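Beneath this line is the structure, given in structure tokens, with notes to follow.
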Amino acid sequence: MKFAQMFRTIREQIDTIFREDPAAKSVLEIVLCYPGFHAILLHRLAHAVHRAGFRLFGRLISQFSRTFTGIEIHPGATIGRRFFIDHGMGVVIGETTEIGDDVLLYQGVTLGGTGKESGKRHPTLGNKVIVGTGAKVLGNIRIGDNARVGAGSVVVHPVPDDSTVVGIPGKIVRQRTDANEQLEHGKLPDPEGQAIADLTRRVQELEAHVKAMNEATAGRG
């Protein structure tokens, strides 16, 4: 029974990669060449060993996975079904992280803590969350279902369901995201850039107003 469940899990993971990555061409390619696939399966093993009380052995499996794949997942982290790490080099997932179903992480993502606090100190990601390349999600916060985190963002506050967050620190720039919407970094709003553009426009308006007043004063003189 356990072997049947194991093979179902592997089959589901392979199907997830085919669905999420158009570069995947065959099952053999996934099995041999996808570090995210290897890291997830090794984590399933490490997590089971960790929960059984053999924590050092779980850490050893995790350490081997880190060396082999470049992806570091603490064996205590809880990860849901159909989890996919795209490429994956540099991904770090902390001990008390909780990840829902159908979550997608890109390379360089950190799901980490903010200090030496004890207890639950890492993020909780809801279902169908996408976290872009190099983003950092830090602390005991919840990223809601269907949320999107833009590349390079640093998120330290909770994110509601169906929201898109970008920037440092992360700011909500869009809500009511379609659950099937992909994370298109080239089309994400830039709140800091927009604020600078608004400020520049306001300064230009004030300069034009001052110039007009000076000309009116000079004309009366």
Side-chain angles (χ1 to χ4, degrees), residues 1-21 23-113 119-133 135-138 140-147 149:
M1 187 68 178
K2 289 185 177 180
F3 282 106
Q5 183 177 358
M6 179 183 70
F7 284 116
R8 281 198 301 270
T9 299
I10 294 173
R11 180 72 254 183
E12 184 176 64
Q13 197 64 48
I14 291 172
D15 291 342
T16 298
I17 294 173
F18 275 125
R19 185 180 68 249
E20 298 288 351
D21 188 0
K25 298 299 188 293
S26 69
V27 171
L28 185 61
E29 179 186 16
I30 291 172
V31 171
L32 295 179
C33 304
Y34 273 67
F37 175 75
H38 304 145
I40 293 166
L41 294 187
L42 286 169
H43 172 72
R44 303 291 188 201
L45 175 60
H47 184 66
V49 170
H50 179 86
R51 291 190 63 185
F54 302 99
R55 298 197 170 190
L56 177 58
F57 188 34
R59 287 301 301 270
L60 288 173
I61 296 171
S62 173
Q63 187 68 16
F64 169 77
S65 177
R66 178 180 183 271
T67 303
F68 179 56
T69 66
I71 298 168
E72 182 173 344
I73 308 176
H74 193 284
T78 302
I79 297 177
R81 297 174 61 186
R82 297 177 296 277
F83 178 56
F84 179 45
I85 303 175
D86 194 356
H87 294 291
M89 180 61 69
V91 166
V92 177
I93 300 175
E95 177 184 13
T96 60
T97 300
E98 298 177 25
I99 298 176
D101 297 334
D102 302 296
V103 171
L104 169 60
L105 304 185
Y106 287 92
Q107 64 269 27
V109 167
T110 298
L111 306 179
K120 181 74 167 77
R121 59 191 186 279
H122 298 103
T124 296
L125 274 59
N127 299 323
K128 298 185 177 180
V129 172
I130 300 177
V131 185
T133 303
K136 315 300 177 188
V137 183
L138 306 176
N140 181 17
I141 59 175
R142 185 178 188 275
I143 308 300
D145 295 345
N146 307 315
V149 179

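All figures in this text were calculated on a predicted structure; none of them were measured in a lab. Residues take their numbers from the sequence shown, with the count starting at 1.
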Salt bridge (charged side-chain N to carboxylate O under 4.0 Å, His left out) pairs, two or more places apart, involving residues 34-58
none
According to salt bridge (charged side-chain N to carboxylate O under 4.0 Å, His left out), who are the partners of Asp15, at least two apart in sequence or on a separate chain?
Arg11
According to salt bridge (charged side-chain N to carboxylate O under 4.0 Å, His left out), does anything in residues 61-76 pair up with another residue at least two apart or in another chain? List the pairs.
Arg66-Glu72
All heavy atoms of Pro123 vs all of Gly112, minimum pair found to be CD-O, 3.5 Å
Just by modelled atom types, is the Gly100 backbone N or O under 3.5 Å from a matching donor or acceptor in the Lys128 side chain?
no
Taking side chain to side chain contact (heavy atoms under 4.5 Å, CB included) as the definition, give me every residue that meets it alongside His43, ordered by chain and number, with sequence neighbours left out.
His47, Ile73, Ala77, Ile79
Are the charged groups of Glu98 and Arg142 less than 4.0 angstrom apart, N to O?
no
Can you name the nearest heavy-atom pair linking Ile85 to Ile40, along with the distance?
N-CD1, 4.3 Å
How would you list all residue pairs meeting side-chain hydrogen bond (donor to acceptor under 3.5 Å, both in side chains) that involve residues 26-41, not counting sequence neighbours?
Asp21-Tyr34
Looking only at heavy atoms, what is the nearest atom pair of Phe84 and Glu20, with distance?
CD2-CB, 3.3 Å
Selection residues 78-90 - residue pairs positive for side-chain hydrogen bond (donor to acceptor under 3.5 Å, both in side chains), sequence neighbours left out
Glu12-Arg81, Glu12-Arg82, Arg82-Asp102
Does Thr97 form a side chain to side chain donor-acceptor pair (under 3.5 Å) with His122? I'd like the steps, not just the answer.
CA-CA 5 Å; Thr97 300; His122 298 103; 4.6 Å; no
Least distance between heavy atoms, Asp145 atom then Gly126 atom:
OD1-CA, 3.3 Å
